[in-house]
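Below you'll find the structure, written out as structure tokens, and then a few comments.
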Amino acid sequence: MSSPSSKQGAPLASEKRETFSSRKLFILSAVGSAVGLGNIWRFPYVAYENGGGAFLIPYLVAILCAGIPLLFLDYSIGHRYRGSAPLAYRRANRKTEMLGWWQVLICFIIAIYYAAIIAWAAMFCWFSITKAWEKNPDGAEGFFMNDFLQVSDTVGISFDFVGNIFTPMLFVWLIAIVIMVAGVNKGISRANGIFMPLLIVMFVILVVQSVFLPGAIDGLNAFFTPNFEALQDPAVWAAAFGHIFFSLSVAFGIMVTYSSYMKRKSDLTGSGYVVAFANSGFELLAGIGVFAALGFMAHNAGSSVDDVATSGIGLAFIAFPTIVSQAPLGSLIGVLFFGSLVFAGLTSLISILEVIVAAFQDKLGWKRTPATLVVVLPVAVISMLLFPTTTGLYLLDTMDAFVNQFGILACALVLVIVFGAGLGMLPKLAKHMNRHSSIKLSTGWKVLVGGIGPAALGYMLINEVQAKINESYSGYPLWFNGVFGWGMAGLLIVGALVLSLVPWSKNSKINDPEFEQHQRNVEAEELSETAGKEY
């Protein structure tokens, strides 16, 4: 495909930046990004193994002291500087553009493997109707690993494609491309307006079904029974902060990009609290549904919940198919559970892709359709080459572990240090947030972002580095972890530096009259506030 011509890439300066038509659509889209696969298959187990009901204490502290403050940092940068992550950071300070491209490349890596998991969930939604795994003598695990994924015995790279994965992945990418081409209001807003209500309705029905299963109460007791001694363990608090950080999609560039589409006079803090607590509410709902189902599974097996509780891929594609086979109306439970994973995954994938598309739109001055096609098609091709293969699971596992820990964590740590101690921009950003917000930010917000944020992120990052150095991740060969783990994490930084050095197109948003007018309005409001205080 040829690059867009100069005519296609007409200056965006004459075009208004897209905006969410209402605050409700922004909130739906932000919640759609935050509510992803991790809410359903990760939070319940993290809470269970870190003190059960007592985990809600560090969890709540983490939301208030790290999650929401860092979410507001993203909102303030995106809304104040009206751009994708690279453009917003550059407008804040020329030297920080690289941070934006670092986030763009993180989203690129996540996007190429996220589509694979959505495709798996879509297939298992269908398999739930026929209970296809029952034909395998090794049960759900044998079916998932051997019949479905056809996992190779050798860790490496193979181009031995698996049709059951390739075809649904192709459909996932086609859906994503159509939504992205349609734009912010006709695509992203409408998709979230459809997918999010469906996700909530399906998951509520799933939870109601699960809590009435035999043994469900045992699962709920295991989930909620507090172990207050766990609160003395620093690792439990680190787990809470780590989970909240990833759960709210902060430092991905997503919330910077989405907040840049909000109208100038928007209630930023009020919207942020709604997004944060809606996300947490869904996680608690997921914990109830998942552990009620695991309690039923333990009841049927004559074992304890400890023996069946698991997280991630094991919970979704091994434990839940077993529950589907054993439970009354099991096929319905399976369709609801895997359908929820599909919708949660799609809303998150859309937000991840928007970070990439918006960045290239702003820098190169392309219109929406050519920017989407030129950016997303290569992402889709790479995804289709690497992940619907017999070695796709190894790649997915390694890239996910390293991009989360050494991409997002490291980028977030640099971000809070630079904008806090480095540039001293927190007071300015707080004033911007407070201008039209219903809940005002105080000095406490600056302390949390500039003090608690770096401390928590630094502690988590050091722990992860030590863990990965001391032991080869998942027992994979050193060369494999070196290339697709450490190497990929390092390449993200190099790539971000290179992209930040590429000159901005003459058609780019860097000198946008619309933003200049926005700046004049903001400066006028700031002068008016200052004059009012002096008077």
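For this chain, numbers begin at 1 and follow the sequence in order.
A distance-only check finds a donor-acceptor pair linking the side chain of Lys440 to the backbone of Asn434 [under 3.5 Å]. A donor-acceptor pair under 3.5 Å links the side-chain atoms of Ser259 to the main chain of Val256, judged by distance alone. Using a distance-only test at 3.5 Å, with no hydrogens or angles considered, no donor-acceptor pair links the side chain of Ser437 to the main chain of Ile439.
Side chain to side chain, Tyr114 and Asp400 fail the donor-acceptor criterion of an N or O pair below 3.5 Å. Side-chain contact of Glu354 with Tyr261: a donor-acceptor pair under 3.5 Å is present, judged by distance alone. For Asn279 and Ser247, the side-chain atoms include at least one donor-acceptor pair closer than 3.5 Å. When only modelled atom types and interatomic distance are considered, Asn146 and Asn136 share no side-chain donor-acceptor pair under 3.5 Å. In summary, the side chains of Glu134 and Ser325 do present a donor paired with an acceptor at a separation below 3.5 Å, with no hydrogens or angles considered. Residues Asn50 and Tyr59 have side chains that never bring a donor and an acceptor to within less than 3.5 angstrom of each other.
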Just do the ring-ring contact (aromatic ring centres under 6.0 Å, His included) check on Phe252 and Phe246 with the steps written out, would you?
-> CA-CA 9 Å; Phe252 285 67; Phe246 294 119; 7.0 Å; no
ring-ring contact (aromatic ring centres under 6.0 Å, His included) between Phe26 and Tyr75, intermediate numbers included | CA-CA 12 Å; Phe26 165 76; Tyr75 280 11; 5.6 Å; yes
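Remark: Leu28 CG to Ser189 OG distance equals 8.5 Å, nearest 0.5 Å. Taking CG of Asn463 as the reference point, atom CG of Leu409 lies at 10.5 Å (rounded to 0.5 Å). The distance from the NE2 atom of His79 to the OG atom of Ser266 is 4.0 Å, given to the nearest 0.5 Å. In this structure, the separation between OG on Ser210 and CG on Leu220 is 9.0 Å, given to the nearest 0.5 Å. To the nearest 0.5 Å, atoms OG1 (Thr19) and CG (Asn185) are separated by 6.0 Å. The structure places OG1 of Thr347 at 9.0 Å from CG of Leu349, a figure rounded to the nearest 0.5 Å.
Checked against a 6.0 Å centroid threshold, the rings of Phe343 and Phe203 do not count as neighbours. Ring centers of Tyr476 and Tyr394: under 6.0 Å apart, within the cut-off. Taking the six-membered ring for Trp, Phe144 and Trp120 have ring centres closer than 6.0 Å. The aromatic ring centres of Tyr113 and Phe108 sit 6.0 Å or more apart. Taking the six-membered ring where the residue is Trp, the centroids of Phe143 and Phe127 are separated by under 6.0 Å. The aromatic ring centres of Phe124 and Phe148 sit less than 6.0 Å apart.
Counting non-hydrogen atoms of other residues, nucleotides and ligands closer than 6.0 Å to CD of Glu141 gives a total of 12 or fewer. Crowding of Phe171 atom CZ: a count of heavy atoms from other residues, nucleotides or ligands under 6.0 Å not exceeding 12.
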